[in-house]
Structures are given as C-alpha cells and as structure tokens.
A.B. asks: 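One structure, pasted below without further comment.
Along the sequence shown, the residues carry numbers beginning at 1. The structure presented is a predicted model; accordingly, all values stated were derived computationally and were not measured. Note: hydrogens, waters and symmetry copies are ignored here, and every other heavy atom, side chains too, is used.
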Amino acid sequence: MESKSMKAVQYSRYCGGAEALQHVEIPIATPKKDELLVKLEAASLNPVDWKMQNGMLRPLLPLKLPFFPDVTGEVIHVGPGVKDFKPGDKVVSMLNFWKGGGLAEYAVVPLKTTVKRPPEVLPEAAGLPVAGLTALQAVRDVAGIKLDGSSKGVNLLITAASGGVGHFAVQLAKLGNAHVTATCGARNIELVKKLGADEVLDYKTPEGATLTSPSGRKYDVVIHCASNITWSTFEPNLSTFGKVIDITPTFKSFLASVTKKITFSKKQLVPLLLIPRCENLALLVDLVKEQKLKIVVDSMYPLAKAEGAWAKIMDGHATGKVIVNI
C-alpha cells in the first residue's frame, strides 16, 4: 500500500441530510492492538446513520467521525496481538461504535466484531452486521425462537417486514418454524411471501392498520420494526403472555416497559438494544453461505455518489439494504 491517504465521506455539522455530506481526503489510520486495517469493498447504511447526523446521541459521539458501521473488505495489515487474520483475508465487520468511518476506501476494524468472509459470500454481506444482528437478537434471544426448527406453534408478527431488520427477521423466524404474519407496503407483499412469511398484510389497509391476523391468530411475539404504532394497537392482538419487542426504543418505550413490569402486566413491551457479538455475526455469514439467509439489496451506489444512498435510507422505504460499493 503506497498511498498514505484515502477518500472518505464525512459531515461536519448536524442535520442537512445528503447535501451535508462531504467528500474528503484523510490519512489512512494504523491498526492498534487487536485491530485490522481493511481495504473496503462495500459498506451498508442503516437508519441510525442519518439519525445520528440529525443529533441523536449528540453529546456522546464525535461529530467528525460519522457512524457508518457495516463493512466488507480485504485485510491489508494486522495490529499487534492479532493471530487469526492475515493480509489477504476477506472479512465482514461492524466498526467500533464510537469511531465508525465505513464510508471510506480503508477502515480500521475491531477484532471482536470481525469475521472471515468465505468466497461464496459476496461483498453485499456488508448488509449483515447491524440489521442482521438486531434481527437475530430479537428472534432468537428475546423471542426465544430456536433456529433448529423446533419452535413450531409460536405466532409471530413482524412489522415493516421488507426493511433491513424485518426481512432478516422473517427468514430467521421461519428457520425456527414459527408462524409469521408480516406487514409491509403493497409493492413488497410478494417478496415478503417469498422470504417465508405465512401471512402478509398491506399496512395501508384497514386490516394492516389494526394488525389483524387474516387467520384470526393472537401474536405471542411482535418484532416491531416500524414506527408510529401505539401500544393500544398491539395490545388486543397479543396472546395472554404476548410481548412486543421494540427494535428502535425511545425514552417513552423504556418508561412503558418499566411500568408494565412493576404493575405485573402479563403483556410486556421489551426495548431492544443491540449487543454485537462476533459469534453471532459468524453464524449469519454461515447462514448466507449455506443459502439459508438471503440479503435483499434495495440499491447500490458508488462511493462518489454516496449522497444518493444517504437520501434513499432517509426516505424510509428501502426494500432490504442500501449498499455503497467502495
């Protein structure tokens, strides 16, 4: 690697959307202990990226290093203490939460959230880390659905099932043999059915708005990937001990969760905060390799046109993942 600088996309002020993105040239960082320097092949955007640009976690995150956490690429250098990776290895990684920096030609990635990418898995696997790990945590760890197919009889509702997290959640739940009811826009109904959903509701119809199961089922678990749906809409559709897993919790939802616990409510609201684990990312990569998990790609943009990807993710109607090719 002869060059000491690289092209990157950043922003220097809060808000402003895609127009506030800046194409800059910055030094290539050097990997420290338990880190890898990776020449990036692709990055994936998530709604949390533009939300942080709009000021979410403003007191905590450094403005000059936007989030952009999901990447794939090839290892160029390894830092001290790294034994399981070498230059030339292809990897999938979730970047350090406090550093980010995935919209660039190179990135320093942490060992603890990086896994090898086999030849059968394409660079679009950059779409896996945040969305895939969130879906896995919701389906397996919180909903309790076992991916070995032994969860038959569990009735599950997934809202916004054609989105980044939702389309992974549908597939993982079906690996567990759960009965899946899903909501999405009319244009994505056939896609969500192909991903495995047993019932699909157009969220703009009366039945979709009330989340009413076409087969009259009550939901044991709801994986809530949409927004602006109230507890009063969920509650009558839940089974006796049903719970709603909120993947984008707000202060209000945390408060509601605590209230339901202290009042011994049978029906629960569970805010979900992503806890990324290397072994979970490796599992997702293996599922993709085995063709048991499909990464639906809405659109791809070159780094030079990252503004288009940013506008697309802000629009809120992407089907699957938005990828930036580096």
A.B. asks: Of Asp220, Leu156, Asn155, Val154, which is the lone residue that meets side-chain contact (heavy atoms from CB on, under 4.5 Å) with His179?
C.D. replies: Asn155

A.B. asks: Inspect the surroundings of NZ in Lys294 and state if more than 12 heavy atoms from other residues, nucleotides or ligands are less than 6.0 Å away.
C.D. replies: no

A.B. asks: Honestly curious: do Val324 and Val9 fall in one hydrophobic cluster under the side-chain, below-4.5 Å linking rule?
C.D. replies: yes

A.B. asks: Return the CG to CG distance between Asn46 and Asp70, rounded to the nearest 0.5 Å.
C.D. replies: 4.5 Å

A.B. asks: Is it the case that Lys260 places NZ or CZ above or below the six-membered ring of Trp231, under 6.0 angstrom from the centre and within 45 degrees of the axis?
C.D. replies: yes

A.B. asks: Treating Ile, Leu, Val, Met, Phe, Trp and Tyr as nodes and any side-chain heavy-atom pair under 4.5 angstrom as an edge, say whether Leu95 and Leu21 lie in one connected cluster.
C.D. replies: yes

A.B. asks: Does Lys174 use its side chain to pair, donor to acceptor, with the backbone of Ala178 at less than 3.5 Å?
C.D. replies: yes

A.B. asks: Do you know which two heavy atoms are closest between Lys321 and Ala131, and how far apart they sit?
C.D. replies: NZ-CB, 3.9 Å

A.B. asks: Check the pair Ser215, Ser213 against side chain to side chain donor-acceptor pair (under 3.5 Å), reporting the backbone distance first and the verdict last.
C.D. replies: CA-CA 5 Å; Ser215 58; Ser213 165; 3.1 Å; yes

A.B. asks: Please determine whether side chain to side chain contact (heavy atoms under 4.5 Å, CB included) holds for the pair Leu136 and Leu172, giving the CA-CA distance in whole Å, both sets of side-chain angles, and the decisive distance to 0.1 Å.
C.D. replies: CA-CA 7 Å; Leu136 179 62; Leu172 292 170; 4.1 Å; yes

A.B. asks: Report yes or no: does Asn280 contribute a side-chain atom to a donor-acceptor pair with the main-chain N or O of Arg277 at less than 3.5 Å?
C.D. replies: no

A.B. asks: Quick one, Ser162 with His167, criterion side chain to side chain donor-acceptor pair (under 3.5 Å). Give me CA distance, side-chain angles, the key distance, then yes/no.
C.D. replies: CA-CA 5 Å; Ser162 61; His167 89 281; over 6 Å; no

A.B. asks: Applying side chain to side chain contact (heavy atoms under 4.5 Å, CB included), name anything that partners Pro276, two or more places apart in sequence or on another chain.
C.D. replies: Met94, Thr113, Leu133, Leu274

A.B. asks: Any chain of hydrophobic side-chain contacts (each under 4.5 Å) joining Leu157 to Val165?
C.D. replies: no

A.B. asks: State whether the side chain of Lys218 and the backbone N or O of Thr240 hold a donor-acceptor pair below 3.5 Å, judged by distance alone.
C.D. replies: no

A.B. asks: State whether the side chain of Thr72 and the backbone N or O of Val91 hold a donor-acceptor pair below 3.5 Å, judged by distance alone.
C.D. replies: no

A.B. asks: Would you name the heavy atoms of Val92 and Ala125 that are closest together and state the gap between them?
C.D. replies: CG1-O, 3.7 Å

A.B. asks: Quick one: does any side-chain atom of Thr114 pair with a main-chain N or O of Pro110 as donor and acceptor, under 3.5 Å?
C.D. replies: yes

A.B. asks: Considering non-hydrogen atoms only, spot the tightest contact between Pro80 and Pro31 and give its length.
C.D. replies: CD-O, 4.1 Å

A.B. asks: Say you draw a straight line from OH of Tyr106 to CD1 of Ile326; how long is it, rounded to the nearest 0.5 Å?
C.D. replies: 12.0 Å

A.B. asks: Please determine if Asp89 and Lys86 form a salt bridge, counting it only when a charged side-chain N lies under 4.0 Å from a carboxylate O.
C.D. replies: yes

A.B. asks: Looking at Ser257 and Pro271, would you say the former's side chain and the latter's main chain have a donor-acceptor pair under 3.5 Å?
C.D. replies: no

A.B. asks: First locate atom CG of Asp49, then atom CG of Leu103, and finally report the distance between them rounded to the nearest 0.5 Å.
C.D. replies: 7.5 Å

A.B. asks: Taking Asn237 for the side chain and Thr210 for the main chain, is one N or O donor matched with an acceptor at less than 3.5 Å?
C.D. replies: yes

A.B. asks: Where the side chain of Gln268 meets the backbone of Gly242, is there a donor-acceptor pair that is under 3.5 Å apart?
C.D. replies: no

A.B. asks: Determine, stepwise, if the pair Thr159 / Ile229 fulfils side chain to side chain contact (heavy atoms under 4.5 Å, CB included).
C.D. replies: CA-CA 10 Å; Thr159 62; Ile229 302 178; 4.1 Å; yes

A.B. asks: Report yes or no: do Ser239 and Arg217 form a side-chain donor-acceptor pair below 3.5 Å?
C.D. replies: no

A.B. asks: With a sphere of 6.0 Å drawn around CD of Glu19, does it hold more than 12 non-hydrogen atoms of other residues, nucleotides or ligands?
C.D. replies: no

A.B. asks: Keeping Asn177 on the side-chain end and Ser150 on the backbone end, is there a donor-acceptor pair under 3.5 Å?
C.D. replies: no

A.B. asks: For Ala186 and Asp202, work out which heavy atoms get closest and say how close.
C.D. replies: CB-OD2, 3.5 Å

A.B. asks: Say you draw a straight line from CG of Asn325 to CG of Leu303; how long is it, rounded to the nearest 0.5 Å?
C.D. replies: 10.0 Å

A.B. asks: List the steps, then state whether side chain to side chain contact (heavy atoms under 4.5 Å, CB included) holds for His23 with Glu307.
C.D. replies: CA-CA 10 Å; His23 292 262; Glu307 294 87 349; 2.8 Å; yes

A.B. asks: What I want to find out is whether Asp198 reaches Lys193 closely enough, with some N-O distance under 4.0 Å, to be called a salt bridge.
C.D. replies: no

A.B. asks: Indicate yes or no: does Glu235 engage Lys267 in a salt bridge with an N to O separation below 4.0 Å.
C.D. replies: yes

A.B. asks: Considering all heavy atoms of both residues, which atom of Val170 and which atom of Ala161 are nearest to each other, and what is their separation?
C.D. replies: CG2-CB, 3.8 Å

A.B. asks: Is Lys312 paired with Asp298 through a side-chain N to carboxylate O contact shorter than 4.0 Å?
C.D. replies: yes

A.B. asks: Quick one: does NZ or CZ of Lys116 land under 6.0 Å from the six-membered ring centre of Phe85, within 45 degrees of the ring axis?
C.D. replies: yes

A.B. asks: What's the verdict on side chain to side chain contact (heavy atoms under 4.5 Å, CB included) for Lys146 and Ser151, showing C-alpha distance, side-chain angles and the deciding distance?
C.D. replies: CA-CA 6 Å; Lys146 299 178 181 179; Ser151 294; 3.8 Å; yes

A.B. asks: If you measure from the Lys or Arg side-chain nitrogens to the Asp or Glu carboxylate oxygens, is any gap between Lys7 and Glu25 under 4.0 Å?
C.D. replies: no

A.B. asks: Going by side-chain contact (heavy atoms from CB on, under 4.5 Å), Leu293 matches just one of Leu128, Leu175, Leu283. Which one?
C.D. replies: Leu128

A.B. asks: Taking the side chain from Thr181 and the backbone from Glu199, do they hold a donor-acceptor pair closer than 3.5 Å?
C.D. replies: no

A.B. asks: Could you tell me whether the side chain of Lys83 reaches within less than 4.5 Å of the side chain of Val78, counting heavy atoms only?
C.D. replies: no

A.B. asks: Working to the nearest 0.5 Å, report the span between CZ of Phe168 and CG of Leu287.
C.D. replies: 10.5 Å

A.B. asks: Are Val244 and Val142 in one and the same hydrophobic cluster, where Ile, Leu, Val, Met, Phe, Trp and Tyr link if side-chain heavy atoms are under 4.5 Å apart?
C.D. replies: no

A.B. asks: Determine whether Leu191 and Val288 fall in the same hydrophobic cluster, where Ile, Leu, Val, Met, Phe, Trp and Tyr are linked whenever their side-chain heavy atoms lie under 4.5 Å apart.
C.D. replies: yes

A.B. asks: For a side chain to side chain donor-acceptor pair (under 3.5 Å) check, start with the C-alpha distance between His77 and Glu35, then their side-chain angles and the critical distance, and finish with the verdict.
C.D. replies: CA-CA 9 Å; His77 292 303; Glu35 292 182 336; over 6 Å; no

A.B. asks: Atom CD1 in Ile323, atom CD in Glu41: separation rounded to 0.5 Å?
C.D. replies: 12.0 Å

A.B. asks: As a quick check of understanding, evaluate salt bridge (charged side-chain N to carboxylate O under 4.0 Å, His left out) for Glu74 and Lys39, giving each step before the final call.
C.D. replies: CA-CA 5 Å; Glu74 180 179 329; Lys39 180 177 175 56; over 6 Å; no

A.B. asks: Please report the shortest heavy-atom distance between Leu201 and Gly208, naming the atom on each side.
C.D. replies: CB-CA, 4.0 Å

A.B. asks: Using side-chain heavy atoms (C-beta onward) and a distance below 4.5 Å, is Val322 in contact with Ser299?
C.D. replies: yes

A.B. asks: Under 4.5 Å between any side-chain heavy atoms of Cys184 and Val200, yes or no?
C.D. replies: yes

A.B. asks: Are any non-hydrogen side-chain atoms of Val270 and Lys243 less than 4.5 angstrom apart?
C.D. replies: yes

A.B. asks: With a cut-off of 6.0 Å (strictly less than), are more than 12 heavy atoms of other residues, nucleotides or ligands near CG of Asp84?
C.D. replies: no

